[in-house]
Undergrad: 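Okay, handing you the structure first.
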Amino acid sequence: MFSDQDLRKNASITTFNSQNIVNKYSESRNMPVVVSRMAEMYLISAEAQGFPSGMARLNQLRNIRGLASHTTITDQEGFIDAILDERQKEFYAEGFYWYDLVRTNKALERLENVTEQNQLLLPIPQREIDLTGIKQNPGY
């Protein structure tokens, strides 16, 4: 996933006993650690600006990560694909990718095990169903 020039590679993956393992945040026994970093702000800003305005912000992040600027993106769809690729690498093993794909309507296209629209829905908690009388999402 990471090119050799991508500075995120060493921050995300390490080798232990000849196996590649995720090298991310340490556990806290008392409370979860929520980390927000500048890279997320760059990507949110780029996506919010859209194509072509957001290209400058996306390329700023890529340059900080030791990568060349994107120069071949020509439309909004290619731009969103580039944002998703950067988010996948930037937030590797942090649990955001599925939500990013659902939010951008790219999950059916990019996830080979997801083949039906109802797989993109989360279950509605039983308490909410009991309180409101709404129906459970399909597949649950």
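All values below were derived from every heavy atom in this structure, side-chain atoms included, with hydrogens, water molecules and symmetry-related copies excluded.
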Undergrad: Quick check for you: to the nearest 0.5 Å, what is the distance between Q119 atom CD and N113 atom CG?
TA: 8.5 Å
Undergrad: Would you say the side chain of R37 lies within less than 4.5 Å of the side chain of F91, judging by non-hydrogen atoms?
TA: yes
Undergrad: Drop me the distance from N63's CG to L58's CG, to the nearest 0.5 angstrom.
TA: 9.5 Å
Undergrad: Contact between Y92 and I13 at the side-chain level, heavy atoms closer than 4.5 Å - yes or no?
TA: yes
Undergrad: What are the two closest non-hydrogen atoms of G66 and L7, and how far apart are they?
TA: N-CD1, 4.0 Å
Undergrad: Measure the spacing between CZ of F96 and CZ of R103 and express it to the nearest 0.5 Å.
TA: 11.0 Å
Undergrad: If you round to the nearest 0.5 Å, how far is CZ of R62 from CD of E86?
TA: 4.5 Å
Undergrad: Excluding sequence neighbours, so at least two apart, what forms salt bridge (charged side-chain N to carboxylate O under 4.0 Å, His left out) with D4?
TA: K9
Undergrad: In chain order, what residues pass the salt bridge (charged side-chain N to carboxylate O under 4.0 Å, His left out) check against D6, with sequence neighbours excluded?
TA: R8
Undergrad: Measure the spacing between CD1 of I44 and CD1 of I83 and express it to the nearest 0.5 Å.
TA: 10.5 Å
Undergrad: Just checking F16: does its CZ atom have more than 12 heavy atoms from other residues, nucleotides or ligands closer to it than 6.0 angstrom?
TA: no
Undergrad: Between the side chains of E77 and K106, is the shortest nitrogen-to-carboxylate-oxygen separation below 4.0 Å, so that they form an ion pair?
TA: yes
Undergrad: Is any side-chain heavy atom of M38 closer than 4.5 Å to one of I64?
TA: no
Undergrad: Could you see if Y99 belongs to whatever hydrophobic cluster contains I80? Use Ile, Leu, Val, Met, Phe, Trp, Tyr and a side-chain cutoff under 4.5 Å.
TA: yes
Undergrad: For the residue pair A39 and L61, what are the closest heavy atoms and their distance?
TA: CB-CD1, 3.9 Å
Undergrad: If the condition is side-chain hydrogen bond (donor to acceptor under 3.5 Å, both in side chains), which residues does Q49 pass it with, not counting sequence neighbours?
TA: S45
Undergrad: Taking atom CD of Q136 and atom CD of Q126, what is their separation to the nearest 0.5 Å?
TA: 7.0 Å
Undergrad: Evaluate the side-chain proximity of E40 to E90: yes if any heavy-atom separation is below 4.5 Å, no if none is.
TA: no
Undergrad: Sequence neighbours left out, what passes side-chain hydrogen bond (donor to acceptor under 3.5 Å, both in side chains) with D75? Give chain and number order.
TA: none
Undergrad: side-chain hydrogen bond (donor to acceptor under 3.5 Å, both in side chains) with N137: which residues, sequence neighbours excluded?
TA: none
Undergrad: Taking only residues two or more places apart in sequence or in another chain, which ones pass salt bridge (charged side-chain N to carboxylate O under 4.0 Å, His left out) with D85?
TA: R110
Undergrad: I'd like to know if Y140 and V102 are part of one continuous hydrophobic network [Ile/Leu/Val/Met/Phe/Trp/Tyr, side-chain heavy atoms within less than 4.5 Å].
TA: no
Undergrad: Show the nearest heavy-atom pair for residues L84 and Y97, with the distance to one decimal.
TA: O-CE1, 4.0 Å
Undergrad: Specify whether F79 and F51 have parallel, tilted or perpendicular ring planes, treating 30° as the upper limit for parallel and 60° as the lower limit for perpendicular.
TA: tilted
Undergrad: Where do I73 and G78 come nearest, in terms of heavy atoms and distance?
TA: CG2-C, 3.7 Å
Undergrad: What I want to find out is whether R127 reaches D130 closely enough, with some N-O distance under 4.0 Å, to be called a salt bridge.
TA: no
Undergrad: Please determine whether residues V114 and L101 belong to a single hydrophobic cluster, defined as Ile, Leu, Val, Met, Phe, Trp and Tyr linked transitively by side-chain heavy-atom distances below 4.5 Å.
TA: yes
Undergrad: Side chains of K89 and L67: does their closest heavy-atom pair fall under 4.5 Å?
TA: no
Undergrad: Show the numbers, then the answer: is there a side chain to side chain contact (heavy atoms under 4.5 Å, CB included) between D81 and E109?
TA: CA-CA 11 Å; D81 286 337; E109 175 186 320; 4.3 Å; yes
Undergrad: L108 versus L120: any side-chain heavy-atom pair under 4.5 Å?
TA: yes
Undergrad: Does CD in E112 sit with more than 12 non-hydrogen atoms of other residues, nucleotides or ligands closer than 6.0 Å?
TA: no
